[in-house]
Amino acid sequence: MLSILGKLTKSQIRLGLFFGTLVGLAIVVGIVSLFPSASDQGYYPEQPIPFSHKLHAGTNKIDCKYCHVGVTRSHHASIPPMNVCMNCHRVVKTDSPHIQKLARAYRDGKPIEWVRIHRLPDHVFFNHRPHISAGVSCETCHGDIKEMDRIYQSKPLTMGWCLNCHRGETTPEQVLENLGKKRGKDGRADVAPVNCSTCHY
Ligand code: HEC
Ligand code: HEC
Ligand code: HEC
Ligand code: HEC
Ligand code: HEC
C-alpha cells in the first residue's frame, strides 16, 4: 500500500515537473517576443559565389558605383546583373571553378541568388540618393566594405541610429560642413527631417 502511494507520488511529481517546465518555457518565449524587433547587426550570411569586395573594391579599386549604379539615382543601390561581372570574367580567371559557375549561370540565364544583408522592415522608407548627395559615405552606414571578403551588417540600422544622425548628434563633421550646419549647445543640429512621415509610410 505504502509503496504504491510512493510510486504514484513519484510519477505525479515527474508529471508536475514536466508541465511546470512547459509553462515556464511558454512564459520566457512570450516575454522575449514582446521586445521590439532586434537589430540584425552582425548578420554574416554565406553567398552562392564567394564574391570578395576586398579583392574587387579594395585591391583592384573598382568604384562602388560601377556595380551599384542605382545608388546616386534611386531608392535602391541595386546589385549588379551578371553581364557586369562578365565584362571582366569573360577573360579574367576563367580557370576558377567559381568563375565557371558564374559563366554557366550567365549562359543559362539563371541569375545568381545573392543573399540580401541590409534590409529595413517594409514600413520604413529609405532612399540612398539624398544621403549620397549630402556626402554621407558608404562606410558611415555599411562599414569598411573595402576590407571585407564577405559582407556583414556592421551598423545597427535601427530607428535610433537613423535619428541620431538626422538630429546632428552623430553626423560626420564633413557632412555638417557640406550642408552648412553647426551644432548648438545641446550638441544637436537640424541635419535632416525627424517627423514620422519622413521614414514611415
Ligand atoms: C564588381 C562589382 C562590385 C563592386 C565594385 C562593389 N560591389 Fe558591392 N556588391 C556586389 C555584389 C555582387 C553584391 C552581392 C553579393 C554580396 O553581398 O557580397 C554586393 C553587395 C553589397 C552590399 C550588401 C548588399 C546587401 O545585401 O545588403 C553592400 C553594402 C555593398 N555591396 C557596398 C559596396 C561598396 C560600398 C562598394 C565600394 C567600396 C562596393 N559595394 C563595390 C558587387 C560589387
Ligand atoms: C573590372 C573587372 C572585374 C569585374 C567587373 C568583376 N571582377 Fe571578379 N575579379 C576581377 C579580378 C581582377 C579578379 C582577381 C583575379 C586573380 O586573382 O587573378 C577577380 C576575381 C574574382 C573571383 C575569385 C576567383 C577565384 O577563384 O580566385 C570571383 C569569385 C569573382 N571575381 C566574381 C565576380 C563577380 C560575381 C562579379 C560581378 C558581380 C565580378 N567578379 C566582377 C575583376 C573583375
Ligand atoms: C545613410 C546610410 C547609408 C548610406 C550612406 C549608404 N547606404 Fe546602402 N543601404 C542603407 C540601408 C539602410 C539599406 C537597406 C535599405 C532597405 O532595406 O530598404 C542599404 C542597402 C544597400 C544595398 C542593398 C541593395 C539595395 O539596393 O538596397 C547596397 C548594394 C548598398 N546599400 C550599397 C551602398 C553603397 C555602394 C553606398 C555608397 C555609395 C551606400 N550603400 C551608402 C544605408 C546606407
Ligand atoms: C550619418 C547620417 C545619417 C544616417 C545614419 C541616416 N541619415 Fe537619413 N539623411 C541624412 C542626411 C544628411 C540627409 C539629407 C539632408 C538634406 O539633404 O538636407 C538625409 C535624408 C533622409 C531622407 C530624405 C528626407 C527628405 O525628405 O528630405 C530620408 C527619408 C532619410 N534620410 C531616411 C533615413 C533612414 C530611414 C535612416 C536609417 C536607416 C537614415 N536616414 C540614416 C543623414 C543620415
Ligand atoms: C529617420 C527615419 C525615421 C524617423 C524620422 C522615424 N522612424 Fe520609426 N523607424 C525607423 C526605422 C529604420 C525603423 C526600423 C528599425 C527599428 O525597428 O528600429 C523604425 C521602426 C519604427 C517602429 C516599429 C518598431 C518595431 O518594433 O518594429 C515604430 C512603431 C516607429 N518606428 C514609429 C515612429 C514614430 C511614431 C516616429 C515619429 C515620432 C518615427 N518612427 C520616426 C526610422 C524612422
Side-chain angles (χ1 to χ4, degrees), residues 33-41 43-89 92-93 98-99 102 105-106 111-172 174-175 178 190-201:
S33 65
L34 277 181
F35 284 106
S37 61
S39 161
D40 289 327
Q41 191 167 17
Y43 183 46
Y44 186 51
E46 196 93 50
Q47 295 291 351
I49 288 180
F51 174 80
S52 167
H53 278 76
K54 187 175 179 185
L55 180 64
H56 289 84
T59 313
N60 284 291
K61 300 193 170 59
I62 308 173
D63 187 21
C64 311
K65 290 172 198 124
Y66 177 82
C67 288
H68 300 295
V69 292
V71 85
T72 48
R73 299 188 204 151
S74 68
H75 295 184
H76 291 292
S78 74
I79 300 298
M82 287 185 289
N83 64 300
V84 173
C85 313
M86 294 310 284
N87 284 345
C88 292
H89 286 294
V92 175
K93 203 77 184 180
H98 304 304
I99 299 304
L102 178 73
Y106 180 66
I112 305 288
E113 299 199 357
W114 302 109
V115 182
R116 179 74 178 262
I117 302 153
H118 305 78
R119 188 192 289 283
L120 297 172
D122 288 341
H123 56 82
V124 182
F125 171 81
F126 178 80
N127 188 347
H128 274 89
R129 192 172 51 193
H131 296 95
I132 308 301
S133 309
V136 184
S137 70
C138 310
E139 288 73 21
T140 306
C141 302
H142 292 298
D144 200 354
I145 298 280
K146 288 195 189 81
E147 288 299 318
M148 295 181 197
D149 274 319
R150 174 147 56 104
I151 294 196
Y152 58 92
Q153 182 178 321
S154 71
K155 305 291 170 177
L157 309 188
T158 53
M159 177 160 133
W161 175 81
C162 309
L163 288 174
N164 286 341
C165 181
H166 279 209
R167 286 196 213 101
E169 289 162 6
T170 54
T171 321
Q174 184 60 52
V175 175
N178 295 345
D190 180 16
V191 169
V194 294
N195 52 309
C196 315
S197 62
T198 305
C199 307
H200 292 289
Y201 292 104

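When a ligand or atom number is given, it counts from 1 through the structure's own listing order. Count residues from 1 along the sequence. Side chains are part of it too, since the values below use all heavy atoms of this structure and drop only hydrogens, waters and symmetry mates.
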Heavy atom under 4.0 Å from ligand 5: found in M159's side chain, backbone, both, or neither? both
What part of P121, side chain, backbone, both or neither, has a heavy atom within less than 4.0 angstrom of ligand 5? side chain
Near [X], which atoms of ligand 3 are under 4.0 Å from a heavy atom of that residue?
| X | answer |
| --- | --- |
| R119 | 17 (O) |
| S78 | 25 (C), 26 (O) |
| H76 | 25 (C), 26 (O), 27 (O) |

Which of the ligand 1 atoms, numbered from 1, are nearer than 4.0 Å to a heavy atom of [X]:
| X | value |
| --- | --- |
| C64 | 34 (C), 35 (C), 36 (C), 37 (C), 38 (C), 39 (C), 41 (C) |
| R116 | 26 (O) |
| I151 | 20 (C), 21 (C), 22 (C), 23 (C), 28 (C), 30 (C), 31 (N) |
| I62 | 5 (C) |

Could you check whether any side-chain N or O of [X] sits under 3.5 Å from a backbone N or O of [Y], counting only pairs where one atom can act as donor and the other as acceptor?
| X | Y | answer |
| --- | --- | --- |
| N60 | I62 | no |
| H200 | H123 | yes |
| N164 | E169 | no |
| R129 | S74 | no |

Considering both backbone and side-chain atoms of D63, is one of its nitrogen or oxygen atoms within less than 3.5 Å of a nitrogen or oxygen in ligand 1? no
Would you please classify the geometry between the H118 ring and the H142 ring as parallel, tilted or perpendicular, with 30° and 60° separating the classes? perpendicular
Should the pair H53 and H68 be assigned to parallel (<30°), tilted (30 to 60°) or perpendicular (>60°) ring geometry? parallel
Between H68 and ligand 3, which part of the residue brings a heavy atom under 4.0 Å of the ligand: side chain, backbone, both or neither? side chain
For ligand 3, is any non-hydrogen atom under 4.0 Å from I132's backbone (N, CA, C, O), its side chain (CB onward), both, or neither? side chain
When you measure from atom 8 (Fe) of ligand 1 to the N, O or S atoms of H56, does any of those distances fall below 2.8 Å? no
Are [X] and [Y] packed together at the side-chain level, in the sense that at least one heavy-atom pair is separated by less than 4.5 angstrom?
| X | Y | answer |
| --- | --- | --- |
| H166 | V191 | no |
| L102 | I112 | yes |
| E147 | E139 | no |
| C141 | W161 | yes |
| L157 | F126 | no |
| I117 | R150 | no |
| K65 | V71 | yes |
| Y106 | N83 | yes |

Taking the non-hydrogen atoms of G70, is any one of them nearer than 4.0 angstrom to ligand 3? no
Examine ligand 3 and decide if any of its atoms is less than 4.0 Å from a heavy atom belonging to C67. no
Give the numbers and elements of all ligand 5 atoms closer than 4.0 Å to a heavy atom of N195. 5 (C)
Which one of H98, H56, H89 satisfies the ring-ring contact (aromatic ring centres under 6.0 Å, His included) criterion with F51? H56
Hey, which protein N/O/S atoms does atom 8 (Fe) of ligand 3 have under 2.8 Å? H128 NE2, H142 NE2
So, 4.0 Å and heavy atoms of Y66: is ligand 1 close enough to count as a contact? no
Measure the distance from atom 42 (C) of ligand 3 to every protein heavy atom, then report the residue, atom name and distance (to 0.1 Å) of the closest one. F126 CZ, 3.4 Å
Residue and atom name of the nearest protein heavy atom (relative to atom 12 (C) of ligand 3), distance in Å to one decimal: L120 CD1, 3.8 Å
Determine, stepwise, if the pair S39 / Q153 fulfils side-chain contact (heavy atoms from CB on, under 4.5 Å). CA-CA 10 Å; S39 161; Q153 182 178 321; 4.1 Å; yes
Got an N/O contact under 3.5 Å between V124 and ligand 5? no
Option whose closest heavy atom lies nearest to atom 26 (O) of ligand 1, chosen from I117, D40, L55: I117
Hey, is atom 8 (Fe) of ligand 5 within less than 2.8 Å of some N/O/S atom on H200? yes
Geometric N/O contact S137 with ligand 3, under 3.5 angstrom: no
Looking only at distances, can you tell me whether any N or O atom of V136, backbone or side chain, sits closer than 3.5 Å to an N or O atom of ligand 3? no
Mark yes when over 12 heavy atoms from residues, nucleotides or ligands other than N195 sit less than 6.0 Å from its CG; otherwise mark no. yes
